[in-house]
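Right, one structure below, let's go through it.
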Amino acid sequence: MAAGKKYTGTGMPTHYECSLHGLLAKNHEPQLRTRLEALCGDTEAAHRELHHEISCIPCIETPIGPLRREDHVLRLRIELDPLGAEKSTSICLLGHPEPKSGRGASVRPIINAQVLSGSASQLLSLLGYKFSSEFVRKGYWFLYRNSMKVVVSQVYRLQEQGNVQSAVPVDPSGNWLVQIASDAMAQELVPRVCDQLEELRGLLEDYVELLVVDHAFLENKIPYS
């Protein structure tokens, strides 16, 4: 069975992630990368982004009603090396985002547990979860102020379940997704981090429009069919 990091104390702490998102045209990507190199270090500051994300949902569907809101998607995030082999695995739970908070970023609870050994898929199965969907994300990322990850990537769908070598682009036009996400933090730090994200948005506004995604699109709803 998989083993993960353990929390100590009387309860599990609640941490939050702040983020902004944008869509970048294919021909604008080189200029954005140059700007990020200037802001975050140099040409050596870029890190390869290659991961396989699998969404899992409860095997037993909660009947329609208020309790269904307590059903959550668990995300199995597998970091890959250039040859497609697994480097690290974590299980992520993203909570429901703040609804129309007026902040300058999307804010939602997050729990991320690294899997240290064993099979993460077997662990999720024992927890009563099953496969729902998957994708691969390829690109690169920069770290800004040692606390904000700027990911520039393209999303791929898998033609064969579980086979990352069968991945093909979701968007054939070659556009890029840009996501800036903070480290997980305590609630009292959220206002300050939102201000820092607003500052970074201004530094990149000539290259990409970064937006606060409507909370309705970030709801952690189960796609029961």
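We're numbering straight along the sequence, starting at 1.
- In plain terms, the two heavy atoms of Leu20 and Ala105 that are nearest each other are CD2-CA, 4.0 Å.
- For His72, the ring-ring contact (aromatic ring centres under 6.0 Å, His included) partners are His96, not counting sequence neighbours.
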Evaluate the criterion side-chain contact (heavy atoms from CB on, under 4.5 Å) for residue pair Arg145 and Leu200; output intermediate values, then yes/no.
CA-CA 10 Å; Arg145 288 190 173 181; Leu200 182 54; over 6 Å; no
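- Taking the ring-ring contact (aromatic ring centres under 6.0 Å, His included) definition, one finds that Tyr140 meets it with Phe142, sequence neighbours left out.
- Under the 3.5 Å distance criterion, the side-chain polar atoms of Gln154 are matched with a main-chain donor or acceptor of Gly174.
- Cluster membership for Ile78 and Phe131, using ILVMFWY side-chain heavy atoms within less than 4.5 angstrom, is shared.
- By the 4.5 Å heavy-atom criterion applied to side chains, Pro97 and Val107 are not counted as neighbours.
- With contacts defined as side-chain heavy-atom distances shorter than 4.5 Å, the pair Val152/Leu177 does not qualify.
- Criterion: ILVMFWY side-chain heavy atoms under 4.5 Å apart, direct or through other members. Under it, Leu93 and Val115 are part of a common hydrophobic cluster.
- In this structure Arg108 satisfies the side-chain hydrogen bond (donor to acceptor under 3.5 Å, both in side chains) test with no other residue, sequence neighbours excluded.
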Would you check, one step at a time, whether the test side-chain contact (heavy atoms from CB on, under 4.5 Å) holds for Met148 with Gln196?
CA-CA 9 Å; Met148 297 182 193; Gln196 293 173 346; 3.0 Å; yes
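- Atom OG1 in Thr14 sits 13.0 Å away from atom CE in Met185 (nearest 0.5 Å).
- By the side-chain hydrogen bond (donor to acceptor under 3.5 Å, both in side chains) test, Glu17 pairs with no residue at all, sequence neighbours left out.
- Residue Ser55 holds its OG atom at 13.5 Å from NZ of Lys130, rounded to the nearest 0.5 Å.
- For the side chain to side chain contact (heavy atoms under 4.5 Å, CB included) test, residues two or more places apart in sequence or in another chain that qualify with Asp183 are Ser147.
- For Glu198, the salt bridge (Lys or Arg N to Asp or Glu O under 4.0 Å) partners at least two apart in sequence or on another chain are Arg201.
- Atom NZ of Lys26 and atom OG of Ser173 lie 8.5 Å apart (nearest 0.5 Å).
- The heavy-atom pair separating Trp141 from Arg48 by the smallest distance is NE1-O, 3.5 Å.
- No donor-acceptor pair closer than 3.5 Å links the side chain of Arg35 to the backbone N or O of Asp206.
- With rounding to the nearest 0.5 angstrom, the CD atom of Gln179 is 5.5 Å from the CZ atom of Arg137.
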Could you give the side-chain donor-acceptor pairs of residues 155-166 under 3.5 Å, partners two or more places apart or in another chain?
unit_1, atom_1, unit_2, atom_2, d
Glu160, OE1, Asn163, ND2, 3.2
Asn163, OD1, Gln165, N, 3.0
Ser166, OG, Gln159, N, 3.3
Ser166, OG, Glu160, N, 3.0
Ser166, OG, Glu160, O, 3.4
Ser166, OG, Asn163, O, 2.7

Given Glu98 and His215, is the side-chain hydrogen bond (donor to acceptor under 3.5 Å, both in side chains) satisfied, shown in steps?
CA-CA 7 Å; Glu98 291 185 349; His215 74 280; over 6 Å; no
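- For Gln31, there are no side-chain hydrogen bond (donor to acceptor under 3.5 Å, both in side chains) partners two or more places apart in sequence or in a different chain.
- Minimum heavy-atom separation, Gly22 to Leu210: N-CD2, 3.9 Å.
- In this structure, Val208 and Leu23 approach most closely via the heavy-atom pair CG2-O, 3.9 Å.
- Of the possible donor and acceptor atoms, one in the side chain of Ser182 sits under 3.5 Å from a partner among the backbone N and O of Cys18.
- A continuous path of Ile, Leu, Val, Met, Phe, Trp and Tyr side chains, each step under 4.5 Å between heavy atoms, connects Leu24 with Leu197, placing both in one hydrophobic cluster.
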From CA spacing to verdict: side-chain contact (heavy atoms from CB on, under 4.5 Å), Glu134, Glu53
CA-CA 6 Å; Glu134 63 184 337; Glu53 181 164 314; over 6 Å; no
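- Smallest separation of non-hydrogen atoms from Val150 and Tyr144: CG2-CB, 4.4 Å.
- With rounding to the nearest 0.5 Å, the separation of CG in Leu32 from OG1 in Thr34 is 8.5 Å.
- Taken from CG in Asp71 to CD1 in Ile222, the straight-line distance is 5.5 Å, to the nearest 0.5 Å.
- Residue Pro82 comes nearest to Leu50 through the heavy atom pair CA-CD2, 4.3 Å, listed as atom of the first residue, atom of the second, then distance.
- Hydrophobic clustering keeps Ile180 apart from Leu143 (ILVMFWY residues linked when any side-chain heavy atoms are closer than 4.5 Å, directly or through intermediates).
- Under the 4.5 Å side-chain heavy-atom criterion for ILVMFWY residues, no single connected hydrophobic cluster contains both Val151 and Val136.
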For Leu204 and Leu39: C-alpha separation, side-chain torsions, deciding distance, then whether side-chain contact (heavy atoms from CB on, under 4.5 Å) applies.
CA-CA 10 Å; Leu204 299 176; Leu39 290 172; 3.7 Å; yes
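- With sequence neighbours left out, His47 forms a side-chain hydrogen bond (donor to acceptor under 3.5 Å, both in side chains) with no residue at all.
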Under 3.5 Å donor-acceptor pairs involving side-chain atoms of residues 83-90, not counting sequence neighbours:
unit_1, atom_1, unit_2, atom_2, d
Ser88, OG, Glu79, OE1, 3.1

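- Applying the side chain to side chain contact (heavy atoms under 4.5 Å, CB included) rule to Tyr129 yields the partners Cys56, Pro58, Leu74, Leu124, Leu127; only residues at least two apart in sequence or on another chain are considered.
- Judged as a side chain to side chain contact (heavy atoms under 4.5 Å, CB included), and not counting sequence neighbours, the contacts of Ala25 are Asn27, His28, Asn175.
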